[in-house]
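Presented below is the structure to which this report refers.
Index from 1, following the sequence.
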Amino acid sequence: MSKEFVRGVAIGGSKAEEENMGQEVREYETDGEDTKALLRANEEDFIQGLIDAAQFASEETQRIEIIREGRLFFAFNIHPLSSEEYEKCKKKYTKYVRNKQLGMKLPEDTDRIKYQSAIIYEATVDEDKEKLWDNRKVWDALNARKDRIMNGLDVIEYSLKAGEKDKILEAIDKLSGYDDNLEEVAKN
């Protein structure tokens, strides 16, 4: 029996989301003194929570499947990106010009296509980078078609449709903590 696929990009839930679905969260209203007492009483839990949160960000992954016309073409796993990784990609693919009046460099234009591919590349887990984006056999096969593959970003560009890239970028952003509930989290 074959599995039927729906066209597009399939994004699975992260394993951590599935494991934490049953956890209860309660809210308490406290005054200044009660807040200090609560913080002191739970300091070890908060410290452990910070350590766990840092570990969680480095271990969380999500599976991405590229499906077209009911056929699974390939799949890979992504992990969340840090602010520094986003910024590194942006700087690398932004053209800067020197403003003589201000005496400093200002961004002129960002190569959006390369920037998007760089984000996908950086978010792909290392094992899948090697199998897909950095695979010399893939490069050679695509170069035989005259696609001019020079690096992993070129493989991403030639193998993913624009809409697929957008959906993958949304998944990376959500996994990295940029989702619609961000305002709600900030208020609390």
Inset, instruction - Would you indicate whether the side-chain heavy atoms of L81 and H79 approach each other to under 4.5 Å? - result: yes
Inset, instruction - Enter the distance from K174:NZ to L169:CG here, rounded to the nearest 0.5 Å. - result: 15.0 Å
Inset, instruction - State the CD1-CD distance between I67 and E69, to the nearest 0.5 angstrom. - result: 12.5 Å
Legend entry - Pairwise side-chain contact, K161 with R68, heavy-atom cut-off 4.5 Å (strictly under): yes
Inset, instruction - List the steps, then state whether side chain to side chain donor-acceptor pair (under 3.5 Å) holds for K165 with S117. - result: CA-CA 8 Å; K165 285 172 66 172; S117 295; 3.0 Å; yes
Inset, instruction - Answer whether the closest heavy-atom distance between the side chains of N151 and I149 falls below 4.5 Å. - result: no
Legend entry - Rounded distance [0.5 Å steps], CD1 in I78 versus CD1 in I64: 4.0 Å
Inset, instruction - Check the hydrophobic clustering (I, L, V, M, F, W, Y; side-chain heavy atoms under 4.5 Å; chains of links allowed) and say if Y158 and I168 are grouped together. - result: yes
Legend entry - Test item: D154 and K114 side chains (from C-beta on) under 4.5 Å apart, heavy atoms: yes
Legend entry - Any residue meeting side-chain hydrogen bond (donor to acceptor under 3.5 Å, both in side chains) with Q116, in chain and number order, not counting sequence neighbours: R112, D166
Inset, instruction - Enter the distance from M150:CE to N143:CG here, rounded to the nearest 0.5 Å. - result: 9.0 Å
Legend entry - Partners passing ring pair (Phe, Tyr, Trp, His ring centres under 6.0 Å) against Y115 (at least two apart in sequence or in another chain): none
Inset, instruction - Report yes if the side chains of Y86 and I172 come closer than 4.5 Å at any heavy-atom pair, otherwise no. - result: yes
Legend entry - Rounded distance (nearest 0.5 Å) linking atom NZ of K91 with atom OG1 of T110: 12.5 Å
Inset, instruction - Please answer: with hydrophobic residues joined when any side-chain heavy atoms are less than 4.5 Å apart, are L153 and V125 in the same cluster? - result: no
Inset, instruction - With the side chain counted from C-beta on, respond yes when L132 and T124 share a heavy-atom pair under 4.5 Å apart, and no when they do not. - result: no
Legend entry - Interatomic distance, F76 atom CZ to T61 atom OG1 [nearest 0.5 angstrom]: 12.5 Å
Legend entry - Contact summary for E164 and S159, nearest pair of heavy atoms: OE1-O, 4.3 Å
Legend entry - Minimum heavy-atom distance between A75 and E65, given as atom pair plus value: CB-CG, 3.9 Å
Inset, instruction - Find out if a path of hydrophobic residues (ILVMFWY) with successive side-chain heavy-atom gaps under 4.5 Å connects F73 to Y121. - result: yes
Inset, instruction - Evaluate the side-chain contact (heavy atoms from CB on, under 4.5 Å) criterion for residues E130 and N135: first the C-alpha distance (whole Å), next the side-chain angles of each, then the deciding distance (0.1 Å), finally the verdict. - result: CA-CA 6 Å; E130 288 177 34; N135 187 330; over 6 Å; no
Legend entry - Presence of salt bridge, K129 and E127, under 4.0 angstrom: no
Inset, instruction - Could you pull out the closest heavy-atom pair between E122 and C89, with the gap in Å? - result: CG-SG, 3.6 Å
Inset, instruction - Tell me, please, which residues at least two apart from Y93 pass ring pair (Phe, Tyr, Trp, His ring centres under 6.0 Å). - result: none
Legend entry - Minimum heavy-atom distance between D128 and N77, given as atom pair plus value: OD2-N, 2.7 Å
Inset, instruction - Say whether I113 and V155 are linked into one hydrophobic cluster, either directly or through other cluster members, by side-chain heavy-atom distances under 4.5 angstrom. - result: no
Inset, instruction - Keeping the roles fixed (side chain from D173, backbone from S176), state whether a donor-acceptor pair exists under 3.5 Å. - result: no
